[in-house]
Amino acid sequence: MASFIPYLALAIFPIASIVPFNLFRFSWGYHHGLQKMPDDVRERAEKVDRFTWPFHKLLTIAPVILLMKHEGVSPRATGLHLDVWQLNAALGICTGLMLVVIQGLLWRLMNRRMGSLDDAECARGPASLWLLEFLFGAFSEELWLAFCLVGLRRTCHSIPLSILLTAIAFGLAHFPYGFGAFATASYGALSGMLFLWRSSLLPSFLFHFVGNIGSLYWARRGVAQLPLQR
């Protein structure tokens, strides 16, 4: 594998995350910069988001598949197999539930400090649509992460450096989260360690997917409790 391929792969997800498929948000940002959207404008932007997310996921996974074919990286090498699936599934679910507990503690802290959940987009919109987005999002992002790790290891990068580079790229792709991007980068590092440990995509995928379900649960629970706090 050429030495530049892993770095090319690392750029895929961060670039895909900033492509302005939502022209409504792009127009607002162009004219108003980082100014906060009014509630009615934000609601319209979020409605558009619910239809544009498949394009972001496709823009992540399609280049990865093309690079896999070009470099002769088999699906098995990126963890797409069901060997010892029971253990891998249990590991992914357990680590995901641990993440959900941590999220709950953070939500309690945020509610006390902020008293508002206006920035929690997943608190709004159909839950079924969010679950579908989480399902495809977790798979596309974890496959990207696994391919990056495989490429870095094949070009003689050490395990710590490979995990660090993928975690940084994962955090950059979530830069709109602000300080939360650092937490997201740590989740990416944990996903990378799970993949390298088990050589399977199943535990890291379930860790990611269960964690996303947890964020949905805590955001909607926070919204339900918010009137009681006022």
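One is the number of the first residue; the rest follow in order along the sequence. What's counted below: heavy atoms across the whole structure, side chains too, no hydrogens, waters or symmetry copies.
Between the side chain of Q103 and the backbone N or O of G211, at least one donor-acceptor pair lies under 3.5 Å. Between the side chain of N88 and the main chain of R198, no donor-acceptor pair closer than 3.5 Å is present. With T166 contributing its side chain and S162 its backbone, the two residues share a donor-acceptor pair below 3.5 Å. When atom types are taken as modelled, the side chain of W144 and the backbone of I61 share no donor-acceptor pair closer than 3.5 angstrom. Of the possible polar contacts, none joining the H157 side chain to the R153 backbone as a donor-acceptor pair under 3.5 Å is found. Here the side chain of H56 pairs no donor or acceptor atom with the backbone of T52 at under 3.5 angstrom. W130 places no side-chain N or O within donor-acceptor distance of the main-chain N or O of N212, the cut-off being under 3.5 Å. Panel note: side chain H81, backbone S199; a donor-acceptor pair is recorded below 3.5 Å. The main-chain N or O of F24 is never found under 3.5 Å from a side-chain atom of S27 such that the two would form a donor-acceptor pair. Using a distance-only test at 3.5 Å, with no hydrogens or angles considered, no donor-acceptor pair links the side chain of W218 to the main chain of S215.
Classified by interplanar angle (parallel below 30°, tilted 30° to 60°, perpendicular above 60°), the ring pair F13/F170 is tilted.
Considering all non-hydrogen atoms of both residues, L80 and L201 come closest at CD2-CD2, 3.7 Å. Nearest heavy atoms, P75 versus T78: O-OG1, 2.8 Å. Contact record, V210 with V100: O-CG2, 3.6 Å, taken as the closest heavy-atom pair. The two residues G192 and L149 have their closest heavy-atom pair at CA-CD1, 3.5 Å.
More than 12 heavy-atom neighbours from other residues, nucleotides or ligands sit within 6.0 angstrom of NE2 on H32.
Inter-residue side-chain proximity for P203 and W85 is flagged as unmet; no heavy-atom pair is nearer than 4.5 Å. Side-chain contact between F207 and S191 is present, with at least one heavy-atom pair separated by less than 4.5 Å.
Applying the side chain to side chain donor-acceptor pair (under 3.5 Å) rule to pairs touching residues 11-26 yields N22-D49, R25-D49, sequence neighbours excluded.
Here CG of L161 is found 12.0 Å from SG of C156. Values are rounded to the nearest 0.5 Å. Of the inter-residue distances, the one linking R76 atom CZ with S200 atom OG reads 9.0 Å to the nearest 0.5 angstrom.
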Do F175 and L172 pass the side chain to side chain contact (heavy atoms under 4.5 Å, CB included) test, and can you show the C-alpha distance, the side-chain angles, and the key distance before you say yes or no? CA-CA 5 Å; F175 77 95; L172 287 174; 5.6 Å; no
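The ring of F209 has its center no closer than 6.0 angstrom to the ring center of F134.
Grouping the Ile, Leu, Val, Met, Phe, Trp and Tyr side chains by contacts below 4.5 angstrom, directly or via other members, places I159 with L145.
For the pair E46 and R42, the salt-bridge criterion is met [side-chain N within less than 4.0 Å of a carboxylate O]. A salt bridge links E141 and K57; the closest N-O separation between the charged side-chain nitrogens and carboxylate oxygens is under 4.0 Å.
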Only distances under 3.5 Å count here; give the side-chain donor-acceptor pairs of residues 180-188 to other protein atoms, sequence neighbours excluded, each with its distance to 0.1 Å.
unit_1	atom_1	unit_2	atom_2	d
T184	OG1	G180	O	3.0
S186	OG	A183	O	2.5

